[in-house]
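This structure is a prediction, so every number in the text was calculated from the model and none was measured.
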Amino acid sequence: MRRRRSRLGIGEGGGRALAISAISTVVFFGAIALVAVNAPGWPRFQDKFLNGRVFFESLPLIAGAFWVNVQLFLIAEVLILVLAMGVAILRGLPGPVFFPVRLLSTIYVDVFRALPGILVIFILALGIPGLRIEGLPTDPFVWAVVALTLLYTAYVSEVYRAGIESVHPSQAAAARSLGLTHWQALRFVVLPQAVRRVIPPLLNDFIGLQKDTALVSFVGVVEVFRQSQIRQSGAFNFTPYLATALVFLVVTIPLARLVDWLLAREKGRRVAGPSVIVVPGSAIGPAE
């Protein structure tokens, strides 16, 4: 119980601190609600943004359209995980002979981290099909996946690179002293530790990816946000946007709590002590 209270930020005060927290929360949000419902424009706002009839009519269509967002997210996520790892490894290749590879991968990361996501989606989904090159797909869904993959691969590769660089050089040196090659040390010793350390920030990036799938509505893909626009135009009411927000909240908040849980578990592992990394035929440790 004491541990649970400390996580909630209540401390040793027990029930009294919990009661004060509950009362202050109720007073704070109650004051906001009181100001809102007594505002001069509240009746019109309620009709245009909180219309129950429009909400329940729109929710099934909007929830169904969210499947398109899920497809975008899942396809792009698989591609991003693989490509970002490759970019991170290329940026860390040692020796002057690999300088051109490191330079190109650095340029790629810098460019796609600097460009606005909506701009990349527009250029690829509208510009590439306009070239009319035979054999290239014209479906905006395909180019939306490509755009999201290019954008988030740049971000996730930096997360991977940070994880790789967080592994102490002595780990790779110990692996090399046992006869492993550079690639074997990277595969069996460095990468397992790096990936485990960056799982929480990876999930944070994928929460952002899940939300950014709404950007593809601007190139004609009928996903959840585009469906809410269609419903809003048909009903002359903004309540469908509230339904869309609710769908994203239901999906995103559990993912955010999962990230917090993983961070707490990783912190507990670090406090518990070092682990041993096992490679074929040998044991290398302790791991930091």
Side-chain angles (χ1 to χ4, degrees), residues 7 70 72-94 98 101-102 104-115 117 145 147-176 180 182-213 251-279 283-288:
R7 285 188 179 180
V70 173
L72 282 167
F73 170 77
L74 292 178
I75 297 172
E77 181 180 3
V78 172
L79 295 173
I80 290 164
L81 285 172
V82 176
L83 295 176
M85 176 63 77
V87 173
I89 292 174
L90 291 178
R91 290 196 70 182
L93 290 176
F98 291 112
V101 177
R102 294 196 300 269
L104 288 175
S105 59
T106 301
I107 291 173
Y108 162 75
V109 171
D110 289 345
V111 168
F112 281 96
R113 289 174 69 192
L115 290 174
V145 171
L148 291 172
T149 301
L150 290 174
L151 286 165
Y152 273 85
T153 294
Y155 288 101
V156 173
S157 69
E158 289 297 278
V159 174
Y160 276 135
R161 192 164 70 97
I164 292 172
E165 292 182 352
S166 71
V167 178
H168 198 276
S170 62
Q171 296 288 306
R176 296 297 298 275
L180 273 68
H182 172 78
W183 293 106
Q184 289 175 327
L186 187 66
R187 176 184 174 186
F188 295 114
V189 179
V190 177
L191 288 183
Q193 298 180 70
V195 171
R196 188 181 67 185
R197 293 180 182 184
V198 300
I199 287 176
L202 280 179
L203 285 176
N204 272 325
D205 279 336
F206 288 132
I207 289 174
L209 171 64
Q210 182 262 324
K211 293 185 296 181
D212 280 351
T213 55
V251 174
T252 301
I253 290 179
L255 288 175
R257 298 287 70 81
L258 175 62
V259 171
D260 290 343
W261 178 77
L262 288 172
L263 285 170
R265 189 179 70 167
E266 182 63 22
K267 183 178 180 181
R269 284 179 175 177
R270 290 178 181 271
V271 172
S275 58
V276 174
I277 300 298
V278 178
V279 297
I284 299 177
E288 295 184 350

State, yes or no, whether a side-chain contact exists between [X] and [Y] at a heavy-atom distance under 4.5 Å.
X	Y	result
F206	V259	no
Y160	L81	yes
V195	M85	yes
V145	L79	yes

> Distance-only, no hydrogens or angles: does the R102 side chain make a donor-acceptor pair with backbone N or O of L93 under 3.5 Å?
Replying inline: yes
>> Whether the side chain of Y108 engages the backbone of L150 through a donor-acceptor N/O pair (distance < 3.5 Å, no angle test) should be reported.
In response: yes
[atom1]/[X] to [atom2]/[Y] distance, rounded to the nearest 0.5 angstrom?
X	Y	atom1	atom2	result
R91	E165	CZ	CD	8.5 Å
L255	I207	CG	CD1	5.0 Å
N204	I199	CG	CD1	12.5 Å
L151	I80	CG	CD1	8.5 Å
L186	I89	CG	CD1	5.0 Å
L209	L202	CG	CG	11.5 Å

> With sequence neighbours left out, what residues match R113 under salt bridge (Lys or Arg N to Asp or Glu O under 4.0 Å)?
Replying inline: E158
Please report the closest heavy-atom contact between [X] and [Y], naming both atoms and the distance.
X	Y	answer
V87	S105	CG1-CB, 4.3 Å
L148	D212	CD2-O, 4.0 Å
A175	V189	CB-CG2, 3.8 Å
F112	Y155	O-CE1, 4.4 Å
A172	V190	CB-CG2, 4.2 Å
V156	D205	CG2-OD2, 4.0 Å

